[in-house]
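Not measured: the values here are computed from a predicted model.
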Amino acid sequence: GWWTAASGGTEVTNGTKVAITAAQTLYAHWTANRYTVTFDGNGATGGSMEPQKFKHGGTGALTSNAYTRIGHTFKNWTDDAGSVYSDGVNFTAPATGAGVTLHAAWTVNEYQCTFDTDGRPKKYGEAIYPPQPDPTKTGDAFKGWTTNGADLVDFTGFTMPAHNVVFTPVWEPIEYTIAFDGNGADGGAGMASTNVKYDVEIALPSNTYERAGFAFVGWSADKNAADKTWSDGERVSNLTNQAGTVTLFAVWLETGNPYSIALGLDPNFEVEVSSDGAWEIVGKATDKQGLRRTPTSPNGTLRVRVPSA
């Protein structure tokens with residue numbers, strides 16, 4: 001602009017009122033043109049930067065990058081001509097021209113993606129797919145994957161977030177049904193099936209079946225078993241590790257006509273029938289073909305079941 005002195009003085013504009021009628025000399029004051037560097041975040045998700053001005057031909061450090069971008073790390077600046085500038089590097093402005101725009105260059109970050117114990121790096125934004133086949137666990141059904149211990153992940157369009165992520169399997173105990181078969185019963189009330197989850201212990205319900213001439217001994221998964229596997233009311237768990245039905249068959253001991261004692265036993269043994277229909281042999285332990293023995297007391301008494309004819 002115009003000033004009343006070569007250095008300093010008063011600026012004279014179109015609106016300045018002049019009281020002196022004599023001739024005056026006005027002095028031009030000059031401002032050097034500035035070269036403007038504009039910073040483009042180029043996809044930044046945060047931060048901002050003001051343009052930086054340089055004198056033509058002047059040198060100065062570029063303003064340090066203040067932009068941020070989720071899942072990325074700032075690398076450097078580039079201009080439209082492909083020149084590369086490091087962050088904060090000394091920049092020399094050309095002698096002519098209005099300015100230049102520098103574009104932020106970014107590097108995609110990698111994060112650890114872990115399924116259960118199998119981890120591997122994944123780039124931010126990369127599609128994530130669960131491993132196949134699905135994991136398995138005895139007695140449990142696989143429901144899916146979770147990152148927070150509660151919600152199942154929907155992998156449709158799921159991409160790597162800007163942090164490490166651990167997927168853990170979600171399991172649900174299988175449920176199976178215990179059914180009770182009277183196995184020849186001819187009376188008594190029927191028994192309802194029981195639904196049980198894996199790893200849950202229950203007491204078997206008391207038997208309600210009846211069979212003329214027989215005493216109920218217990219339960220077996222084998223229809224033709226000669227002896228019980230589980231007693232009446234015994235606590236059981238994990239009868240199977242698959243969903244479905246487990247059938248327990250009643251095991252019976254015939255209590256009808258007494259068997260002949262001519263079984264090749266030592267005649268000095270005392271043999272009598274107990275209340276549940278089993279032979280009670282009092283004496284030293286012995287093995288005899290056709291007899292199945294179970295100790296019932298520490299004094300050597302044996303409970304011997306006589307197989308049916």
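Listed by chain and residue number, Arg235 satisfy the salt bridge (charged side-chain N to carboxylate O under 4.0 Å, His left out) test with Glu201 (two or more places apart in sequence, or in another chain). Shown here are the side chain to side chain donor-acceptor pair (under 3.5 Å) partners of Asp151, two or more places apart in sequence or in another chain: Asn148. Residues satisfying the side chain to side chain donor-acceptor pair (under 3.5 Å) criterion with Trp3, sequence neighbours excluded, are His29. Judged as a side chain to side chain donor-acceptor pair (under 3.5 Å), and not counting sequence neighbours, the contacts of Lys53 are Thr36. Qualifying salt bridge (charged side-chain N to carboxylate O under 4.0 Å, His left out) partners for Glu175, counting only residues two or more places apart in sequence or in other chains: none.
Among residue pairs with one or both ends in residues 202-217, none qualify as salt bridge (Lys or Arg N to Asp or Glu O under 4.0 Å); sequence neighbours excluded. Screening residues 40-49 for side-chain hydrogen bond (donor to acceptor under 3.5 Å, both in side chains), with sequence neighbours left out, gives Asp40-His103. Sorted by first and then second residue, the ring-ring contact (aromatic ring centres under 6.0 Å, His included) pairs involving residues 116-136 (not counting sequence neighbours) are His72-Tyr124. The list of ring-ring contact (aromatic ring centres under 6.0 Å, His included) pairs with a residue in residues 176-211, not counting sequence neighbours, reads Phe180-Trp219. Residue pairs meeting the side-chain hydrogen bond (donor to acceptor under 3.5 Å, both in side chains) criterion with at least one member in residues 159-172: none, sequence neighbours excluded.
Tracing side-chain contacts under 4.5 Å through hydrophobic residues (I, L, V, M, F, W, Y), one never reaches Phe249 starting from Val236; they form parts of separate clusters. A continuous path of Ile, Leu, Val, Met, Phe, Trp and Tyr side chains, each step under 4.5 Å between heavy atoms, connects Phe158 with Phe115, placing both in one hydrophobic cluster. Residues Tyr111 and Val108 share a hydrophobic cluster, clusters being chains of Ile/Leu/Val/Met/Phe/Trp/Tyr side chains in contact below 4.5 Å.
Alongside Phe91, the hydrophobic cluster contains Tyr35, Val37, Phe39, Met49, Phe54, Leu62, Tyr67, Phe74, Trp77, Tyr85, Val89, Val100, Leu102, Trp106 (criterion: ILVMFWY side chains under 4.5 Å). Other residues sharing the hydrophobic cluster of Val170, ordered by chain and number and joined by side-chain separations under 4.5 Å: Leu152.
Remark: the Thr156 side chain and the Asp154 side chain contain an N/O donor-acceptor pair separated by less than 3.5 Å.
Distance CD1/Ile128 to CH2/Trp145: 12.5 Å, rounded to 0.5 Å.
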* **Test log, rule side-chain contact (heavy atoms from CB on, under 4.5 Å), inputs Asn238 and Asp199** => CA-CA 6 Å; Asn238 302 344; Asp199 271 344; 3.0 Å; yes
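Between Phe216 and Trp252, the ring center distance clears the sub-6.0 Å criterion.
Of all heavy-atom pairs spanning Thr208 and Met191, the tightest one is OG1-CG, 3.0 Å.
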